[in-house]
Amino acid sequence: MTEPSKPQTAERAESPAEDDAQPSAGAATADAQPAPDAQSTPDDVSTPEGEAAAAQDVAQESAADPGSGEEPAPVDVVTVADAQDRTSAESLTALTALATAPATVAVPPVPTQPPGQRDGHERATATAAWLAQHPLVTAGPGPAAPEDPAPGFVPTGSPDEAAEPEQAAQVSERRARAEGPEPAASLTSDRLVTKTAAPPASGWRRWLYYATLGSVNVGDSDAVRLQRALERRIAVRLGDETRYVPVLSRKGGVGKTTVTTLLGMALADLREDRVIAMDANPDRGTLSDRNPGRATHTARQLVKDRFEVNSFTQLSSYTAREGSRLDVLASDSDPMVAHAFNDADYRAVTDILGRYYSIVLTDSGTGMVHSVMQGTLEKADAVVLVSGGSVDEARLASETLSWLEAHGRDDLVQNAIVVVNMSAGDGTRVNVDEIEDHFRTRVRDVVRIPHDRHLAEGSQVDFAKLRPATREAAVELAALVVERLAAA
């Protein structure tokens with residue numbers, strides 16, 4: 001009875017591979033443990049001889065109890081070598097499936113609990129080692145594998161991310177403008193250099209500034225500010241065309257040449273372009289006598305050589321300039337000349353001067369009916385009418401305005417500037433204020449040139465030697481003339 005049962009048990013014990021109900025290595029190991037009363041040890045089972053002995057003992061126990069009435073349960077014996085083979089096969093299957101996965105990022109699962117009893121540090125060490133031995137595998141193009149966060153990485157939803165819109169709003173408007181970045185020409189000194197207030201020009205204000213080492217600056221007085229405003233008005237650009245301003249008078253000796261000199265010096269000193277004064281007196285003029293410098297040529301010689309003058313350098317040899325930026329074109333002073341300076345000569349000279357100068361002042365001759373006056377008035381953009389401080393001089397100046405109106409030049413009368421010249425002296429009983437009031441009823445502006453000993457000498461005019469009141473009057477006259485020219 002005992003012998004027939006042994007082959008059956010042994011046959012079942014030797015076919016563990018046929019039972020696929022327990023795939024894990026842990027379950028197979030548990031089934032292979034011997035009964036409590038068996039005398040085998042784990043060390044014996046780990047060898048082939050121990051495994052055979054354990055299988056024989058199980059078969060003997062099954063044969064010793066034949067009357068139990070129940071068929072003994074099959075026992076699967078799995079050796080350590082078989083368990084290792086199964087584990088290797090499962091790992092190979094998983095890696096094969098991972099390598100043939102679609103083009104997505106394959107992130108292997110992180111073991112939640114490595115084998116054995118480990119604390120937190122050991123788990124982290126084991127996880128890092130596993131990830132190092134199993135790199136991520138991607139097939140085809142796809143998103144890159146996540147890398148370690150860089151230093152300063154801020155996760156989404158943090159307070160710093162909420163501050164990004166505010167930082168974007170603080171971007172310079174020049175960077176976001178439609179026309180693009182600014183050119184290099186925008187980096188000017190006015191924009192980049194911090195400006196400091198200039199010290200006062202004169203008086204106790206200037207003394208206080210230097211006494212406090214610049215810590216107290218009360219600024220300039222109102223008079224100085226008005227003077228600087230006049231200077232800015234004179235420096236206004238007038239465009240590309242040359243402007244012509246004749247200085248008129250129906251009576252000789254009222255200071256027409258003196259006014260021309262003062263006006264020309266004020267314009268030349270305060271403007272950046274070129275200004276010239278020409279003597280258009282048909283007879284002997286004195287404009288060159290009131291200005292410093294001497295020229296070797298005259299206006300008449302320029303008329304003769306007009307086809308040979310092709311540059312400003314060549315023209316400069318016909319003009320005089322010394323001690324001032326004002327150029328002067330003198331009239332012919334030779335008493336043997338019988339031919340007077342006429343209208344054709346004036347037009348030829350002014351055509352040449354118009355190529356190189358922005359403003360041309362004309363010291364006209366006495367009277368209004370000589371031949372030069374026709375071309376002078378035709379080219380005029382504004383006129384300056386000179387009157388003296390006497391009764392007859394004022395009457396003749398007023399008649400000049402009437403003559404212009406009678407000859408259809410109302411436009412010149414409306415924009416005319418009357419100058420009451422008192423530079424030779426004001427010791428008369430004539431009420432000059434009444435003269436000014438009369439002319440204000442006919443023109444918009446009247447300027448008075450006060451008495452100045454330097455001008456009364458009748459010699460060359462040095463603008464720096466004039467009285468402050470005389471210089472202020474000359475600057476005011478220049479500002480009014482530029483205002484007329486800018487509006488013309």
Side-chain angles (χ1 to χ4, degrees), residues 187-238 255 258-275 277 290-293 321-327 358-359 361 384 417 419-426 432-433 436 445-457 459-486:
L187 299 176
T188 60
S189 58
D190 295 337
R191 175 181 175 184
L192 302 179
V193 179
T194 302
K195 295 183 179 180
T196 57
S202 61
W204 64 268
R205 302 168 185 269
R206 186 178 181 86
W207 176 87
L208 179 62
Y209 177 84
Y210 287 105
T212 58
L213 301 179
S215 59
V216 178
N217 188 352
V218 296
D220 292 309
S221 61
D222 293 341
V224 174
R225 294 178 181 178
L226 291 176
Q227 186 70 15
R228 290 178 177 174
L230 287 176
E231 295 176 358
R232 287 192 294 269
R233 288 168 54 189
I234 296 174
V236 173
R237 295 183 178 273
L238 298 177
T258 301
V259 172
T260 304
T261 302
L262 294 178
L263 175 60
M265 288 184 174
L267 290 173
D269 290 343
L270 298 176
R271 292 186 61 83
E272 297 180 357
D273 48 12
R274 299 167 181 166
V275 181
R290 303 305 303 268
N291 287 269
R321 177 196 293 185
E322 183 178 347
S324 172
R325 295 187 63 249
L326 176 65
D327 291 346
S358 298
I359 299 177
L361 304 178
V384 176
I417 303 171
V419 178
V420 180
N421 182 24
M422 304 296 298
S423 60
D426 55 356
V432 181
D433 293 338
E436 293 182 358
D445 298 294
V446 178
V447 179
R448 182 190 300 188
I449 303 294
H451 171 66
D452 195 296
R453 295 181 58 183
H454 179 60
L455 295 178
E457 296 172 355
S459 62
Q460 295 180 357
V461 177
D462 188 350
F463 203 73
K465 294 181 179 181
L466 299 175
R467 294 174 51 193
T470 306
R471 289 197 299 268
E472 292 176 3
V475 171
E476 180 183 1
L477 175 61
L480 293 174
V481 170
V482 172
E483 182 180 349
R484 299 295 195 278
L485 297 179

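Atoms considered below: every heavy atom in the structure, side chains included; atoms not considered: hydrogens, waters and symmetry mates.
At a threshold of 4.5 Å between non-hydrogen side-chain atoms, the residues Arg237 and Asp273 do not count as touching. Contact annotation: the side chain of Arg325 never approaches that of Val275 to less than 4.5 Å [non-hydrogen atoms, C-beta and beyond]. Contact annotation: the side chain of His454 never approaches that of Thr470 to less than 4.5 Å [non-hydrogen atoms, C-beta and beyond]. You'll find the side chain of Arg205 stays beyond 4.5 Å of the side chain of Val224, heavy atoms only. Inter-residue side-chain proximity for Ile449 and Thr258 is flagged as unmet; no heavy-atom pair is nearer than 4.5 Å. Within the 4.5 Å cutoff, the side chain of Leu466 has heavy atoms near those of the Leu262 side chain.
For Glu272, the CD atom sits in a loose shell: 12 or fewer heavy atoms of surrounding residues, nucleotides or ligands are nearer than 6.0 Å.
Using a 4.0 Å cut-off between a side-chain N of Lys or Arg and a carboxylate O of Asp or Glu, Asp452 and Lys465 do not qualify as a salt bridge. Salt bridge Asp220/Arg225: absent, no basic N to carboxylate O contact under 4.0 Å. A salt bridge links Arg448 to Asp433: at least one charged side-chain nitrogen sits closer than 4.0 Å to a carboxylate oxygen.
Using modelled atom types and a 3.5 Å distance limit, the side chains of Ser423 and Asn421 yield a donor-acceptor pair.
Between the CG atom in Asp327 and the CG atom in Leu361 there is a gap of 11.0 Å [rounded to 0.5 Å]. Note that CG of Leu238 is 5.5 Å distant from CG of Leu485, once rounded to the nearest 0.5 Å. Remark: Leu477 CG to Ile234 CD1 distance equals 9.0 Å, nearest 0.5 Å.
When all heavy atoms are compared, the tightest approach of Pro450 to Ala473 is CD-CB, 4.1 Å. Here the closest non-hydrogen pair linking Leu267 and Ala478 is CD2-CB, 3.7 Å. Across all non-hydrogen atoms, the minimal contact from Thr261 to Arg290 is OG1-CB, 3.8 Å. Between Arg471 and Ala464 the shortest heavy-atom distance is NH1-O, 3.4 Å.
Counting only distance, with no hydrogens or angles, the side chain of Asn291 and the backbone of Arg321 share no donor-acceptor pair below 3.5 Å. Formation of a donor-acceptor pair under 3.5 Å by the Arg467 side chain with backbone atoms of His451 is found in this model. Here the side chain of Arg206 pairs a donor or acceptor atom with the backbone of Pro200 at under 3.5 angstrom.
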Quiz prompt | Criterion side chain to side chain contact (heavy atoms under 4.5 Å, CB included) on Glu483 and Val236, from CA distance to verdict | solution = CA-CA 9 Å; Glu483 182 180 349; Val236 173; over 6 Å; no
Exercise. Please assess Val482 against Arg233 for the test side chain to side chain contact (heavy atoms under 4.5 Å, CB included), listing each intermediate value before the final yes or no.
Key: CA-CA 7 Å; Val482 172; Arg233 288 168 54 189; over 6 Å; no
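A side chain to side chain contact (heavy atoms under 4.5 Å, CB included) with Leu230 is found for one member of Arg228, Gln227, Arg232 and no other, namely Gln227.
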